[in-house]
There are 2 protein chains.
Amino acid sequence: MEETTPGGRRPTMADVAKRVGVSRALVSLVFRNQPGAGEETRRRVLEAADELGYRPDSAARLLARGRSRTIGVMLTLHQPFEADLVEGVYPEAERLGYDVLLSASAPGRDESKAVEALLSHRCEALILLGSTASIARLDELGRRSAVVVIGRTARGANVDSVHTAEGKGVRQVVNHLVELGHRHIAHIDGGKEPGAAERRRAYRAAMRRHQLTEEIRVVPGAHNEDAGIAAGRLFLSEERLPTAVFAGNDRCAMGLLHTLGRAGIDVPGEVSVVGFDDSHLSHLSHIDLSTVRQDAVRMAEHAVRFVVERLDDSTLDPREAVLDPKLVVRGTSAAPPSATGSAGPDDCRCSPRGHRAGH
Amino acid sequence: MEETTPGGRRPTMADVAKRVGVSRALVSLVFRNQPGAGEETRRRVLEAADELGYRPDSAARLLARGRSRTIGVMLTLHQPFEADLVEGVYPEAERLGYDVLLSASAPGRDESKAVEALLSHRCEALILLGSTASIARLDELGRRSAVVVIGRTARGANVDSVHTAEGKGVRQVVNHLVELGHRHIAHIDGGKEPGAAERRRAYRAAMRRHQLTEEIRVVPGAHNEDAGIAAGRLFLSEERLPTAVFAGNDRCAMGLLHTLGRAGIDVPGEVSVVGFDDSHLSHLSHIDLSTVRQDAVRMAEHAVRFVVERLDDSTLDPREAVLDPKLVVRGTSAAPPSATGSAGPDDCRCSPRGHRAGH
DNA sequence: GCGCTCTACTAGCGCGCTCTAGCTGCGAGT
DNA sequence: ACTCGCAGCTAGAGCGCGCTAGTAGAGCGC
């Protein structure tokens, strides 16, 4: 499987060629799976390569070939949903003959730095997860290479976008809760995180549609556990709890669930909680979170296909794939405490009884 | 900031050079921050580069320079602790003048595939997070390039390793719980995950040291929420709960906390829970998990320094950095229900009262 | 004037690969 | 016989850069 090359250098095509007694070009053909090499020779080349531990050098390959056939993915590493997306990107990219490079943004390494790294590695396409870049910035990137953002819109920029019909998902959530009899439905929003604005807007619209304008309650938050925890504390500190909370995403819902759990509040008995993402978290057997399912794999596939098609034809107009989400009703949503059936459309604003569990 | 190059090609050094009216080599000097270019020229070169939107091509750079100065990081994307590690790798690598490439293993993309990708991108060093590769496999990799594994040992293989003194951490956990008066201390282990074997072993040893051999209870699990949930259900289905549970890591502890919370069990009133990792999760204000702190940033720094030093001198013997962990006592551990002080070293094996909260 | 050093710059090879153009030999067609 | 085509192979340019060896010119002492 392995033999050291004279000089300890990493073996090159020339080494393989010499060993087999053919030209470099022939070895190249074999490794690119191109016609033009005899069956027998092909076999011998592969054998020799294996013996030498030869591995094609993608830097050189990249340089020689005009195109890099590499897709760069920028991610933040802290959203489990992004992990799901990445797992969807790999197989689809491989299927289409593309390589994938990952670059994380992090504290001290902002988004543009992460993107620069990808570009300098010659990624010809970029998939941005959880990007908070401005439209102008996206547009600039979009002219340089094929770009798709996932999880947000990017109208006005020369980039493709793949996201969920946030509005539809939110509407399903509110409808579901209202049908169960809820009226005091609060929303913990995601601040500036991708998708948050749409979810907030849709929540407001859906509440209005149900004549629950007066009940609209948006608690500022973020897409993480801390926001859920903070919101939970806020609710607990108040006179009465909402009967249902629609959290900005699953992580936020988790934080909320935790705080409610520790305060002895029964979910869904006293409070219903619904999340958004359907990430690994919510699948977990016993957490059993009602949430809105976004199909990570399909989103990833769309994204990869978008950038690949754009690479083939850069004159394409920006496209937007809006996938329908699906409410997944699990164990954290049920009828509110007092409701025996669905509530009528009366406008009584008082909740039947005050909720407040001791610690 | 940007102008299209004739032909729409990505601009190269030659383009910049021509624009300024100097040679290619001069531009190269400027971009490598090497002496030999006049102050004025340097400024003009950078200016022109900016106007053209020039970005050095790392493939070409890599190829020309013998060394790639690139560190590849393999990760699984699903452990928040790994995200913390990656965030530590970036700044240290940058400080030492190295580039970082990420590659994820995932279902359908096993570890060796992820590593192959890194190697073919000419990473000269590898940092493996959560590797489950065999010693033989690691050894093979270690001869090909500079390799460090984080979070596990790799004795016998030609690779460096950075991990926590799992034993010490576990001992602190058990000591802490015993001092609080606990005797029924169960451990949810991490199966084959990195570090799990050591934690399990240390748990057994620590229990024996406290003459609690008879109380040793290892529940098979994994380093994720599901395992904690499953273990929680198992405990709840039994006649009596352990008074304390030491979970294999924080995610597992989270799952356990959740299950206990929903069953109305008071933590730490009835059951104490301690995790391992001190990942973002446990910091969260209201979760407030007692856990064992592993310093991700320091681990990452060690790892980067190890591989860099090994690149400078490949004859180095394999080294092992074992960092001392630190028990962080937060809100999920307290004295067991009956204990008023610390328990004496008697060998009564019955718990003072059976615990079992209704659902 | 000479040689010397020092700064600022340039010429050009080579990294490992891809790819176009061409070369060889052999069987089939006319 | 002589093309022709085709399968199987090779020569060699060039991708964008780093780097070594070198050159031009300024400044300086003698």
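Every chain is numbered from 1, with letters handed out A, B, ... down the list of sequences.
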Measure the distance from CG on A:Asp15 to C1' on C:dC17 and round it to the nearest whole Å.
13 Å
Whole-Å distance between C:dA8 P and B:Leu26 CG?
10 Å
For A:Ser28 and C:dC17, is the shortest distance between a side-chain N/O and OP1 or OP2 below 4.0 Å?
no
Kindly say whether A:Ala114 contributes a backbone atom to a donor-acceptor pair with the side chain of A:Ser103 at under 3.5 angstrom?
yes
For a quick check under 3.5 Å, do A:Ser28 and A:Arg24 share a side-chain donor-acceptor pair by atom type?
no
Does B:Tyr54 reach a base, just sugar-phosphate, or nothing at all? Heavy atoms under 4.0 Å.
sugar-phosphate
Could you check whether A:Arg42 gets within reach of a base, just the sugar-phosphate, or nothing at all, counting any heavy atom under 4.0 Å?
nothing
Pair A:Thr76-A:Glu82, side-chain donor/acceptor within less than 3.5 Å:
yes
Nucleotide C:dC17, atom C1' - distance to CZ of A:Arg32 in whole Å
9 Å
State whether the side chain of B:Arg109 and the backbone N or O of B:Ala104 hold a donor-acceptor pair below 3.5 Å, judged by distance alone.
yes
Picking from A:Leu129, A:Leu126, A:Ile150, what satisfies side chain to side chain contact (heavy atoms under 4.5 Å, CB included) with A:Val73?
A:Leu129
With a non-hydrogen cut-off below 4.0 angstrom, is A:Gly36 in contact with a base, only sugar-phosphate, or nothing?
base
Whole angstrom is fine here: how far is it from CG in B:Leu62 over to C1' in D:dC19?
16 Å
With Watson-Crick and G-U wobble geometry limited to distances under 3.5 Å, how should the secondary structure of DNA chain D be encoded in dot-bracket form, using | for bases paired to another strand and [ ] for crossing pairs?
||||||||||||||||||||||||||||||
Can you work out whether A:Pro56 or B:Thr41 has the more 5'-proximal nearest nucleotide on DNA chain C?
B:Thr41
At a cut-off of 3.5 Å, list every protein nitrogen or oxygen paired with a nitrogen or oxygen from nucleotides 11-14 of chain C, distance to 0.1 Å.
from, atom 1, to, atom 2, distance (Å)
C:dG12, O6, B:Arg24, NH2, 3.3

Sidechain-backbone polar pair: B:Arg152 side chain, B:Val162 backbone, donor-acceptor under 3.5 Å:
no
Of B:Met13, B:Arg44, B:Arg43, B:Arg42, the one forming a side chain to side chain contact (heavy atoms under 4.5 Å, CB included) with B:Val30 is B:Arg42
Applying side chain to side chain donor-acceptor pair (under 3.5 Å), name anything that partners A:Ser131, two or more places apart in sequence or on another chain.
A:Glu111
Does A:Asp15 use its side chain to pair, donor to acceptor, with the backbone of A:Thr12 at less than 3.5 Å?
yes
Between CZ of A:Arg55 and P of C:dC17 the distance, given in whole Å, is 12 Å
In whole Å, I'd like the distance from the CD atom of A:Gln34 to the C1' atom of C:dT20.
12 Å
To the nearest Å, give me how far apart NE2 (A:His121) and C1' (D:dC15) are.
18 Å
Which part of the nucleic acid does A:Pro35 contact within heavy-atom distance under 4.0 Å: base, sugar-phosphate only, or nothing?
nothing
So, B:His163 versus B:Gln294: side-chain donor-acceptor pair below 3.5 Å or not?
no
With sugar-phosphate meaning primed atoms plus P, OP1 and OP2, does A:Ser58 contact a base, only sugar-phosphate, or nothing at under 4.0 Å between heavy atoms?
nothing
Whole-Å gap separating P (C:dG22) and CG (A:Leu29)
17 Å
